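Here the structure is laid out as structure tokens; the discussion comes afterwards.
In what follows, every chain begins at residue 1, and chains take the letters A, B, ... in the order their sequences are listed. Computed from a prediction, not measured in an experiment: that's the story for all the values here.
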Number of protein chains: 2
Amino acid sequence: MEGLLKLFNFAAMEKVTINDIARLTGLSKGTVDRVLHNRGEVSKKSYEKVMACIREMGYEPNVYASLLAGKGKGSIAVVLPRPEEGSYWELASSGIGKAEESGRQVGVHTQLFTYDELSAESFREVCAKVLSSKPSGVVIAPMFQYETQVFVQELSSRNIPYVFVDTKLEEPAGHLAFFGIPAYKSGYLCADMLLQGEKAKEILVVRVMRDKERSSDPTIDRRAGFQDYIREHNPACTLRTIFVNPIDPVATDEALSAFFTDFPDVRHVVMFNSRIHLIVPYLERNPRTGMHIVGFDNLPANIAGLKKGIVTMLIAQHPEQQVQDAISTLIDYIVFHRKPARTENHMHMDLLTRYNVEDY
Amino acid sequence: MEGLLKLFNFAAMEKVTINDIARLTGLSKGTVDRVLHNRGEVSKKSYEKVMACIREMGYEPNVYASLLAGKGKGSIAVVLPRPEEGSYWELASSGIGKAEESGRQVGVHTQLFTYDELSAESFREVCAKVLSSKPSGVVIAPMFQYETQVFVQELSSRNIPYVFVDTKLEEPAGHLAFFGIPAYKSGYLCADMLLQGEKAKEILVVRVMRDKERSSDPTIDRRAGFQDYIREHNPACTLRTIFVNPIDPVATDEALSAFFTDFPDVRHVVMFNSRIHLIVPYLERNPRTGMHIVGFDNLPANIAGLKKGIVTMLIAQHPEQQVQDAISTLIDYIVFHRKPARTENHMHMDLLTRYNVEDY
DNA sequence: TGATATTCCGTTACCGTGCACGGAATTTTT
DNA sequence: AAAAATTCCGTGCACGGTAACGGAATATCA
């Protein structure tokens, strides 16, 4: 048989079909199909023969024929924090749209599930909903370590593949892939971009006050990376922190005003979350020359700040790209049975200035 | 009929097939297929009826069925300058690989044609070869305005779609799309990145001497953008130019050495082509502190210079992405009959530093 | 008017897989 | 050993579209 197969392999060359396998093994395509999807009702002998032949001939199923013949391929659940208007998570959600398009063609549709990013309880509820929707794949932006752990265990036991975006669990889990940026490094980069090889005496770090329950927060690592850079390259520099209230612009303005009367010489400002736009209105009304202001993420409001010339640079994580890639990866896995090239995908940290932001 | 169709449209909702159209028009799917690919042999009356019905029902062909039934879809020719080792065009060529993968699945294969970027004659020869290969689509990186003009006219007359990368013709042509970065703006951006809001007294502009025949050169516009930025933001600054020989490292070192003995205070260096790596060896052996060095393109050698800390920043055009997008666009058009969203695609100018270059 | 072109259109056999159905081959039961 | 239960496997249709083939309807010619 060996010889015969080799011969055939050479002759057929291009594309081996299920019929070829059937003919070569002396079985029918029905049987071949059964072993391909190993759904039983095949004798051990036949099974081995078919498997050998498949390997020998390098058979690869024709995806298009399969798609044409098959029914729907199920749905993909995307689990994200509930997006507020113009927020980071709204940007992330927007990635679903494009992925949905390509998914629809292969009979996969995408469903968004959102939870309150401050409440582990709401996350648990949403997980239950997701499970009862019987998805064939799940994309998760995890905020709560423990709850997520429980959730993915359940997914594993049901053989449902899942992909993390933005953050992943600390313990190595059975995730199909992860898409995000390295938080620590992004902070390091941020410092480099802020200082540009110069020295600064003082830097203003603006933080938002939030009593959030979430247990994994990339801004913590980001701040660590930033501080390490300063320690290494500019140890004489002082970091001065103020807190602002994201839902109270007046208080924010007052806080900034107070700061700059106390420290009028500060020229460098940084924020580690996606809300650098919060400080734009104040600086627009109270312009200061020679400012270097660096923030994160390509939110519309941030980009507006960039174009106005208030914000010097944004480091973009492109969350929309992350969820898009995550969904594509799942589709590839579910429909085409292809595993992603890499499990951990550290996405490129994009640097945005007023001069390169136009072209996306 | 109007009413009936509306009704059906509502009822069918999800996916309209060619059989539905046939049934609704009282014709056979053979006829419907003929109008869909307008290959004649259909009476005007039937043609109109089918077209109306298609529009009414929002019919979209099932790509997978089509792919399954159809034969090969032909080939795409990619016309680029012959890549030297580690050059810009080698990077561009590498984009073919990934596109080839997705193309193969739909029965389209990609073929690379290269010409000598210094010889219009060789370009003409290659064009002839391309035509005789009867491609169903062409990607062109044009160097010679006139010859390209002639070539695309020929393509047009044969109804072969073509896409430009890197540069396009000055006169609006019938190209399906263009992928590249805005040259002038990239120079402007480059100046902004080099100075970072500071002032400089002098800037070294390094150029290569090449007596090339090519008639469209993006580095010219790039230099213009750079100069305009300087004029606007830093008019007191002097640009000092030296020329280096790309194939003679020793002479390059001497030129740099001579320059820095004459002007030891210069801290800013820029090159407008993709060869910033040429000056890396000298600066590695003769380190100077506080240097700001900006160049273009993510060539391996340039990235190495970045990682060593010699080059401060690279502005990447990602030519590999450009040709990949170009090929995808052609495939979309040839196979799926979809036109690209935009004809002119100004790609994002990516800013690379030593801290964000790791993750591609 | 009958013969011959020409235009137009329906039929049909694929493309490669998925899957239901029923039947043959084999084993277990009585 | 015949009947019943299993195990195993082949057949055939469906999926939506392509395109060759040949025939019906109409137009053109003698």
Side-chain angles (χ1 to χ4, degrees), chain A residues 12-51 53-54 57-74 104-108 136 334-337, chain B residues 12-51 53-54 57-74 104-108 136 334-337:
Chain A
M13 211 53 189
E14 276 312 339
K15 28 198 75 176
V16 187
T17 77
I18 203 177
N19 286 303
D20 297 330
I21 304 293
R23 194 158 10 91
L24 284 169
T25 55
L27 293 162
S28 74
K29 60 176 188 159
T31 305
V32 176
D33 186 67
R34 266 177 288 257
V35 343
L36 279 172
H37 299 81
N38 45 302
R39 50 182 153 98
E41 311 209 359
V42 178
S43 71
K44 188 152 186 171
K45 191 188 299 178
S46 301
Y47 183 86
E48 301 295 357
K49 204 181 339 178
V50 171
M51 285 304 271
C53 189
I54 284 173
M57 306 285 296
Y59 167 79
E60 287 181 27
N62 181 321
V63 186
Y64 304 108
S66 172
L67 251 25
L68 181 60
K71 312 297 170 207
K73 286 290 186 177
R104 204 187 39 196
Q105 297 234 3
V106 297
V108 183
S136 23
I334 296 167
V335 180
F336 302 76
H337 303 112
Chain B
M13 210 56 186
E14 275 315 338
K15 27 198 75 174
V16 187
T17 77
I18 202 176
N19 287 302
D20 296 330
I21 304 292
R23 194 156 12 89
L24 285 170
T25 55
L27 293 162
S28 74
K29 60 176 189 167
T31 305
V32 176
D33 187 66
R34 267 179 286 257
V35 344
L36 279 172
H37 299 79
N38 44 303
R39 50 181 153 99
E41 313 209 358
V42 178
S43 70
K44 188 153 186 174
K45 193 189 295 178
S46 301
Y47 183 87
E48 300 295 357
K49 204 180 343 179
V50 171
M51 284 306 269
C53 190
I54 284 172
M57 308 283 298
Y59 166 79
E60 286 181 27
N62 181 322
V63 186
Y64 303 107
S66 172
L67 253 24
L68 181 58
K71 312 296 169 210
K73 287 290 185 178
R104 204 187 38 197
Q105 297 234 1
V106 298
V108 182
S136 23
I334 295 167
V335 180
F336 301 76
H337 303 112

Which heavy atom in [X] sits nearest to a heavy atom in [Y], and how many Å separate them?
X	Y	answer
A:Ser46	A:Val42	CB-CG1, 3.8 Å
A:Asn19	A:Lys29	OD1-CD, 3.5 Å
A:Met57	A:Val16	O-CG2, 3.4 Å
B:Lys49	B:Thr25	NZ-O, 3.4 Å

If I take atom [atom1] in residue [X] and atom [atom2] in nucleotide [N], what distance separates them, rounded to the nearest angstrom?
X	N	atom1	atom2	value
A:Tyr64	C:dG18	OH	P	15 Å
A:Leu67	D:dC15	CG	P	15 Å
A:Asn19	D:dG12	CG	P	14 Å
B:Lys29	D:dT18	NZ	C1'	8 Å
B:Leu68	C:dA13	CG	C1'	14 Å
A:Ile21	D:dC9	CD1	C1'	17 Å
B:Asn62	D:dG16	CG	P	7 Å
A:Ile18	D:dC9	CD1	C1'	14 Å

Heavy atoms from C-beta onward define the side chain here; which of [options] lies closest to that of [X]?
X	options	value
A:Asp33	D:dG17, C:dC19, C:dG16	C:dC19
A:Thr31	C:dG18, D:dC9, D:dG17	D:dC9
B:Leu27	D:dG17, D:dG16, C:dG10	C:dG10

| note | Within residues 37-47 of chain A, those residues having any heavy atom closer than 4.0 Å to DNA chain C are A:His37, A:Arg39
| query | Side-chain N or O of A:Ser28 less than 4.0 angstrom from OP1 or OP2 on D:dG10? | reply |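 It does, given that an N or O in the side chain of A:Ser28 lies less than 4.0 Å from OP1 or OP2 of D:dG10.
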| remark: So OH of A:Tyr59 and CG of A:Asp20: to nearest 0.5 Å the spacing works out to 9.5 Å
| said: So, taking the atom named CZ in B:Arg34 and the one named OG in B:Ser28, what distance separates them when rounded to the nearest 0.5 Å? | reply: 6.0 Å
| field | Base of C:dG18 paired with side chain of A:Arg34 (donor-acceptor, under 3.5 Å) | value | no
| note | Per-helix bend value, the helix from C:dT1-D:dA30 to C:dT30-D:dA1, C1' rotation axes over five pairs per end, 10° rounding, shows 60°
| Testing B:Leu36, B:Val35, B:Val50, B:Leu27 for side-chain contact (heavy atoms from CB on, under 4.5 Å) with B:Ile21, which one passes? |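 Checked B:Leu36, B:Val35, B:Val50, B:Leu27 against B:Ile21; only one passes side-chain contact (heavy atoms from CB on, under 4.5 Å): B:Val50.
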| query | Do B:Asn62 and A:Leu68 have side-chain heavy atoms sitting under 4.5 Å apart? | reply |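 Counting from C-beta outward, B:Asn62 and A:Leu68 do come under 4.5 Å.
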| Sugar-phosphate, base or nothing in reach of B:Leu36, heavy atoms under 4.0 Å | nothing
| Taking only residues two or more places apart in sequence or in another chain, which ones pass side chain to side chain contact (heavy atoms under 4.5 Å, CB included) with B:Ser136? |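 For B:Ser136 the side chain to side chain contact (heavy atoms under 4.5 Å, CB included) partners, ignoring immediate neighbours, are B:Ile334.
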